[in-house]
Every structure is written in structure tokens, then in C-alpha cells.
Amino acid sequence: MASFLERLIGRRDPSSAELARERLKLVLVTDRSDLSPDKLERMQGEIIQVIRKYLEIDETEVAIKLEQRDRKTYLVADVPLEQDRIYKPPPKTDEDEAKP
Amino acid sequence: MGARVITITSGKGGVGKTTATANLAVSLATLNKKVVCVDADIGLRNLDVVMGLENRIVYDLVDVVEGRCKLRQAMVKDKRVPDLYLLPAAQTRDKTAVSPQDMVALTDQLREDYDLILIDSPAGIEWGFRNALAPADEVIVITNPEVSAVRDADRIIGLIEAEERRIPVSLMINRVKPEMVRRGDMLSVNDVMEILSIRLLGVVPEDQEILISSNKGTPLTLEDHKTPAGEAFLNIARRVTGENVPLISLDQKGGVLRRLARMFGSSDST
């Protein structure tokens with residue numbers, strides 16, 4: 001029944017060829033750059049630290065990934081800036097807590 | 001400079017390098033080219049049996065390199081076509097018996113007298129591959145529409161592109177099953193091209209006749225009757241000689257193009 005509904009709203013399981021294509025793309029990013037997902041995550045952490053020295057950013061939405069275009073690999077970073085900070089109360093600090 | 005040296009390689013074993021080398025060599029010879037194919041898989045020679053020339057070997061590549069015979073003496077002539085020779089690999093030695101410099105020197109000796117020198121590379125990315133790559137003017141990478149073969153092809157292409165001298169690389173996709181592609185259960189030619197992003201030289205469909213031909217030691221392209229894989233190899237050979245033979249997609253969904261192609265006498269495959 002679920003699959004029938006899924007089909008009705010246009011969702012279906014990917015074919016095995018589609019799975020193969022997506023898995024290959026992912027594994028080749030690692031093969032070509034010699035950068036494991038674990039290293040990439042650590043690098044992302046460090047890059048965020050550097051950016052935070054200069055900009056307020058929405059860390060939860062940062063996406064840093066390797067992308068293939070033709071036979072070249074690009075490091076692509078999407079780093080959204082924190083723009084609604086004017087409307088947000090300033091983050092509470094220990095000092096605030098200590099105030100009477 | 002004379003002959004072009006074309007190395008046929010794949011990274012992964014079992015994708016059809018030797019069969020492709022044999023069939024391309026025969027096709028090119030039937031197109032009136034003077035062809036030598038060199039089996040660079042020292043210790044695991046196979047091009048001789050696939051071509052059906054195993055009983056006529058006297059000397060081999062290592063004998064030439066080590067000076068036990070002249071190059072001419074080691075070359076086995078295929079009498080079924082005008083100008084085709086095989087330089088067999090040694091079977092009892094290991095691949096370190098030959099160096100990349102030896103391969104360059106050897107092909108340089110052959111260049112003057114031939115149009116095309118095809119080198120059947122061993123699988124892998126080490127010594128044997130390095131030997132096969134050293135004298136190459138061009139490389140044909142063979143893959144199957146399968147994750148492991150495509151991944152290894154990518155690795156090989158990366159290694160060739162990392163060479164100091166620029167070597168043109170093109171891709172042959174072998175053993176495509178159009179029916180499985182249509183069902184969504186096999187990577188399509190477009191999928192593989194999107195992933196590997198290099199020039200497509202041709203596509204060869206899966207064909208049971210291939211096994212039968214290697215059982216007999218008669219490359220498909222020598223047979224009188226037409227076969228899908230044989231036609232595909234012949235088309236690829238014609239492209240190698242510079243002829244403009246259009247690619248016809250094997251995995252057209254509607255099949256209209258394929259029927260049209262057949263109507264106009266071109267093969268189902270490319």
C-alpha cells in the first residue's frame with residue numbers, strides 16, 4: 001500500500017543502475033582526492049573555525065563537499081551567514097546569568 | 001615516426017582487454033593496415049590463444065629483450081589476414097624481465113615497418129601496466145558497465161593523465177546488455193560517460209559469440225557471418241583509422257533509433 005501511495009505521488013525506489021551511479025560518484029570523489037569522509041569532516045570543522053573569526057555564520061547549514069566537473073575535482077563550500085541575528089536576542093553568556 | 005602505438009588497458013581484469021585487442025587487430029588488418037599486436041602480460045600470456053596462434057610461437061618478447069633472437073624471429077604471422085603479426089609474451093618469466101625502456105626500444109624498432117602497434121596491457125596499475133604505457137601514443141581504456149570496472153577505469157585514467165607527457169585517452173565500453181539497461185538494472189553508456197568524462201571510442205554489446213570465438217581461436221572479426229560484437233569491433237577499428245563512424249546508442253529507450261539504424265544497414269551496436 002505504501003509503495004502504491006508512493007507511486008501515486010511520484011516517488012519510487014531508485015533502480016539498481018541509479019544506485020550504482022550515485023554510489024560510484026561518491027566513491028570516486030574520495031578516490032580522486034584521497035580525502036576520506038572523515039578527513040573532510042575534520043577539515044570542515046577547521047574551516048568553520050577560521051570563518052567564524054570574521055563572520056557570523058549558521059554552522060548547522062554549512063556544507064563543504066568535493067564535486068566533480070568533467071575530470072576536475074572542486075572543493076565547494078556553502079556557508080550561509082547568520083542574517084537574522086538582529087531579531088534574535090543576543091546569546092546568553094555566563095555573565096548574563098550572573099546578573100541579578 | 002611511422003606506426004601509432006596504441007595501448008589497450010583497463011585496471012580491472014576480465015573486462016575484455018585481450019578479446020578487444022585481438023578483434024581490433026584483425027579488423028585493422030582487414031582494413032589493409034599493417035598491424036602488430038604485442039602481448040605485454042608477461043607470465044600470463046593469453047593473446048596467442050585468443051587469436052589462435054599459440055601453436056606457432058617459437059620465441060617471445062623476453063627472448064627479444066634479452067637478445068636470444070631477432071625481433072623478426074619472435075613475430076608470429078597471422079596467415080588469415082594480409083598483414084597481422086603477434087609478438088607473444090613470455091609465459092615462464094615474470095614481468096620484471098622487461099622494463100619500460102625495453103618496451104620503448106622494441107616498439108621503436110617496429111614503428112618504421114607498420115601502421116599500428118597494439119599493446120595488450122596486463123590488469124593492475126603496477127609494473128606490467130607501466131611497461132605497456134611507456135611506448136603508448138594513445139591509450140584505449142576498456143570498462144564494463146559495472147561499479148568495480150568503472151571505478152578501476154577512473155583510477156587508470158587518472159594515472160595516465162598524471163603522466164608528464166600528454167597521452168590521448170579514449171574509452172571503450174564492453175559487454176553492455178541493452179535489455180538490462182532498459183530495465184534500469186545496468187549503467188547506461190551515458191551514465192558511464194557522465195562519470196568518466198573522457199572521449200567515447202565505442203560500445204560493444206554482450207555477445208555469446210565472443211566465448212565461442214575464443215573457444216575456437218578465431219576472433220569474431222574473422223568470421224564470415226555478422227555478429228553484434230564483431231560489428232562493434234569493426235566500427236571501432238574504423239574509428240581508430242580516422243573514419244567517421246557515428247555512434248548509435250545501445251540504450252535508446254524507444255528503440256526507434258535502433259530499428260532505423262538497422263534499416264539503413266548499420267549495426268545495432270556501435
Side-chain angles (χ1 to χ4, degrees), chain A residues 1-48 50-51 61-80, chain B residues 10-12 15 124-125 139 141 143-163 166-171 173 175-200 203 205-206 249-253:
Chain A
M1 193 63 190
S3 69
F4 172 73
L5 281 175
E6 272 181 357
R7 249 181 289 149
L8 209 65
I9 56 172
R11 277 178 54 196
R12 53 167 189 83
D13 289 338
S15 70
S16 72
E18 281 168 332
L19 286 176
R21 193 176 58 216
E22 293 319 309
R23 290 178 58 225
L24 261 170
K25 281 184 184 169
L26 283 175
V27 76
L28 290 186
V29 164
T30 308
D31 284 2
R32 287 174 185 174
S33 62
D34 200 22
L35 189 65
S36 65
D38 172 59
K39 266 198 226 164
L40 182 65
E41 199 175 309
R42 268 186 287 147
M43 184 175 70
Q44 170 157 336
E46 287 176 35
I47 290 175
I48 290 176
V50 172
I51 297 174
E61 291 292 307
V62 172
I64 294 177
K65 54 178 193 263
L66 293 167
E67 221 175 79
Q68 304 293 332
R69 292 175 214 156
D70 296 327
R71 290 203 58 81
K72 281 203 156 176
T73 306
Y74 294 80
L75 181 70
V76 180
D78 277 323
V79 185
Chain B
S10 67
K12 187 178 180 295
V15 298
I125 54 173
V139 176
V141 172
T143 192
N144 297 157
E146 191 218 315
V147 284
S148 54
V150 174
R151 184 191 197 177
D152 290 358
D154 184 77
R155 182 98 173 90
I156 279 287
I157 295 163
L159 288 173
I160 299 164
E161 286 181 340
E163 286 284 297
R166 287 261 159 252
I167 311 169
V169 186
S170 57
L171 186 73
I173 306 176
R175 310 188 74 169
V176 175
K177 299 179 185 171
E179 201 43 54
M180 285 191 79
V181 174
R182 241 169 271 141
R183 283 207 308 269
D185 281 328
M186 181 176 267
L187 289 167
S188 69
V189 171
N190 287 341
D191 290 338
V192 177
M193 291 314 293
E194 185 196 334
I195 290 163
L196 295 178
S197 329
I198 56 165
R199 189 171 81 90
L200 180 62
V203 180
E206 172 78 42
S249 177
L250 278 170
D251 42 68
Q252 287 292 330
K253 277 226 164 69

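Below, chain A is the first sequence line, B the second, and so on; all start at residue 1.
Among the candidates A:Lys25, A:Arg23, A:Arg21, the residue making the largest number of heavy-atom pairs closer than 4.5 Å to chain B is A:Arg21. Looking only at heavy-atom pairs under 4.5 Å with chain A, the residue among B:Glu146, B:Arg155, B:Met186, B:Glu161 that has the most is B:Glu161.
For the residue pair B:Ser197/A:Asp70, the side-chain donor-acceptor check at 3.5 Å is not satisfied.
When heavy atoms are compared at a cutoff of 4.5 Å, A:Arg69 does not approach chain B at all.
Side-chain atoms of A:Arg71 come within 3.5 Å of backbone atoms of B:Leu196 as a donor-acceptor pair (strictly under, hydrogens ignored). The backbone N or O of B:Ser188 sits less than 3.5 Å from a side-chain atom of B:Asp191, completing a donor-acceptor pair.
Of the residues listed (B:Asp154, B:Ile195, B:Val150, B:Leu187), the one engaging B:Thr143 in a side-chain contact (heavy atoms from CB on, under 4.5 Å) is B:Val150, and it is the only one.
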